[in-house]
Amino acid sequence: MRNAFWVLTLAALMIGFVFTATPPDAKHLYQASLLKSNLLRNTPPPRIIIVGGSNVAFGIDSKLVEQELGMNVINDGLHVALGIAPLNEIKKFLRPGDIVIISLEYYNFTDNQSFYGQPQYLADWVEFSPERIWFIHESYQQMPSIYTIMLQRKINRQLNYYLYGFSYEAGRNFYSGDLFNKYGDFIGHLGEHSNRQYEIADSVYPVNQLDAAFVYLEDFNQFAQAKGALVLYEAQAHRQTNCERTGERNLNRFFNLLKSRTTIPVLTNLDQLCLPDDYFYDTPYHLNEDGRRVRTERLIANLKNYLAGDK
Amino acid sequence: RLRTSRVAKRLSPVLDGISLLTTFGLVCFAWIFFRAATISDAAYVTTHLFSGWGDLIDQSVTVIQEGIRAGMWGFTNGLFLSLGNLTLVARSEIALSLAGLLFFSYMEVKQFQGNALEEFNNQRSWIRYLCYSFLVVTILALGTLYTGVEQAFIYFQF
């Protein structure tokens, strides 16, 4: 018993050393999550909070929305693999009069892990702000997994730092946490970088239905309404070729199911879903500069119509 | 009977090394059939085992030669770039795998020379405790129990 005590104590000290000696990567994409949390905490009402995966981060011009609607805008989009964990964070900072526009990706409706968040990405997200452990679905059950993964990724990252010539840049490409503007929009693909050519896969969008997802979304909607906030749903950006491969019937079925299983109004008209291939940057979810403008204008028009009709 | 000859006794370490490498090679060859998706894939791999090495070696030599000019780090970088032609695995995984291989090889040699476990148990308690703690941390850091990442066990192909 005494032996086990000393072994576990020494092991805990070693782990503690690793955790304190290896800070998060300052340019990790998730570094931007701190900006978004600060915006949620400090931005005064009235506010529009747009949340989802990278389709939101890449595809919204928040400044334009702010100018057209006269409300402060927070782009809380980051990465599809975080699932709805950012929504749980938003719950803490919701205020009366907030408008939350949810724009999840089809991948999130595939299975529970895709919806609630992939553990290895949640571990990175929590690493930047430890209190976020409480925003994860089934926090107590997930804790051993999240912290073990965090330990593994810290060691792995530090090793690669040494092996790639004292640099964290390996594999980062342009996905850097310091390429977000003050609204939380990702801008690393705009301006001088917009001319890069990427081959985009003509894959099928993974349209699925996950009952637990609709239950959660409706619960979130009820929670927000109780706080005096409004929740709306906006379709992710759809690339024309991928739309055709997926099929209009499958796409419509998803949104009809969303409308029947939740009371969250869907802003996007189903005939507006698909955008030309030329509007996409490097994946079937990421809009380039032109696509970002078109989608934002569409969102502004739909939101204005909804708010006018609501009154 | 081969090992009882005078020459064989003198060359015993070399023969041991050849035996080791032969066994290793045969096991690796057998694993082709475990890991291949189909018999055709396995047949393709076995009939192309020695294909493409010329180009790979040429590229690797070029990269390493260029790296050497930049010093020790350039040489290391060149080695990793060469290995990158064989695998997409990150450098940290390659380094950890090599470290693991070196450790186990060292333990094999120690066990061959004497009773390594008994020698370890005779060490001071704080050394043993450090080793046990390091083992616990290594299992956590390199294991997959809590990560949800599936690792295909080689015999479960069926």
Side-chain angles (χ1 to χ4, degrees), chain A residues 2-19 21-22 81 83 111-114 116-124 136-138 141-172, chain B residues 63-64 66-84 87-103 120-151:
Chain A
R2 196 181 62 160
N3 294 344
F5 170 78
W6 283 115
V7 168
L8 291 175
T9 303
L10 280 171
L13 285 172
M14 286 181 190
I15 292 170
F17 173 76
V18 171
F19 269 73
T22 54
D111 53 44
N112 279 343
Q113 208 165 70
S114 305
Y116 292 114
Q118 298 283 352
Q120 54 270 44
Y121 297 100
L122 291 175
D124 284 356
I136 289 173
H137 179 65
E138 296 177 340
Q141 292 96 309
Q142 294 284 339
M143 261 188 217
S145 170
I146 296 291
Y147 287 116
T148 306
I149 292 171
M150 200 184 293
L151 173 70
Q152 292 178 358
R153 289 176 75 83
K154 279 181 177 284
I155 292 173
N156 196 52
R157 186 174 63 231
Q158 207 58 31
L159 264 178
N160 279 321
Y161 173 75
Y162 298 127
L163 295 171
Y164 281 98
F166 304 97
S167 165
Y168 289 120
E169 296 296 315
R172 198 199 300 287
Chain B
V63 164
I64 291 171
E66 285 172 11
I68 285 174
R69 291 193 202 112
M72 191 63 201
W73 160 244
F75 171 67
T76 311
N77 194 39
L79 273 177
F80 277 117
L81 285 171
S82 305
L83 283 169
T87 176
L88 295 175
V89 164
R91 292 186 184 189
S92 57
E93 289 185 56
I94 294 173
L96 286 170
S97 300
L98 279 172
L101 274 171
L102 284 170
F103 173 74
F120 176 75
N121 285 335
N122 290 334
Q123 297 293 325
R124 290 172 187 270
S125 55
W126 66 269
I127 294 175
R128 286 185 287 114
Y129 286 173
L130 262 178
C131 290
Y132 298 143
S133 309
F134 186 71
L135 184 61
V136 169
V137 175
T138 304
I139 289 169
L140 284 174
L142 301 180
T144 58
L145 182 62
Y146 285 110
T147 62
V149 176
E150 285 180 25
Q151 294 288 337

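No experiment lies behind these values; they were computed from the predicted model shown. Protein chains get the first letters and strands the later ones, always in sequence-line order, with residue 1 at the start of each.
Listed by chain and residue number, A:Tyr107 satisfy the side chain to side chain donor-acceptor pair (under 3.5 Å) test with A:Gln118 (two or more places apart in sequence, or in another chain). Residues that satisfy the side chain to side chain contact (heavy atoms under 4.5 Å, CB included) test with A:Phe17, not counting sequence neighbours, are A:Ala21. Checked against salt bridge (Lys or Arg N to Asp or Glu O under 4.0 Å), A:Arg157 has the following partners two or more places apart in sequence or in another chain: A:Glu127.
Exactly one of A:Leu10, A:Ile15, A:Leu13 qualifies for a side chain to side chain contact (heavy atoms under 4.5 Å, CB included) with B:Val137. That residue is A:Ile15. Partner of A:Met14 under the side chain to side chain contact (heavy atoms under 4.5 Å, CB included) criterion, chosen from B:Leu130, B:Leu140, B:Thr138: B:Leu130.
When every heavy atom of B:Ser92 is checked against every heavy atom of A:Asn160, the shortest pair comes out as N-OD1, 3.0 Å. The two residues B:Arg91 and A:Tyr164 come nearest to each other via the heavy atoms NE-CE2, 3.3 Å. Minimum heavy-atom separation, A:Val7 to B:Ser133: O-OG, 3.1 Å.
Of the two parts of A:Leu163, the backbone and the side chain both hold a non-hydrogen atom closer than 4.5 Å to a non-hydrogen atom of chain B. Interface remark: B:Leu135 contributes no atoms to any contact with chain A (heavy atom separation under 4.5 Å). Looking at A:Leu151, only its side chain comes within 4.5 Å of chain B, counting heavy atoms on both sides. Within the 4.5 angstrom heavy-atom criterion, no atom of A:Tyr161 approaches chain B.
The environment of OH in A:Tyr121 is sparse: at most 12 heavy-atom neighbours from other residues, nucleotides or ligands sit within 6.0 Å. Counting non-hydrogen atoms of other residues, nucleotides and ligands closer than 6.0 Å to CZ of B:Phe134 gives a total of 12 or fewer.
Residue-level contacts of residues 75-83 of chain B with chain A, in order of numbering, are B:Phe80; threshold 4.5 Å between heavy atoms.
Note that CG of A:Asn156 and CD of B:Glu93 are 6.5 Å apart. Values are rounded to the nearest 0.5 Å.
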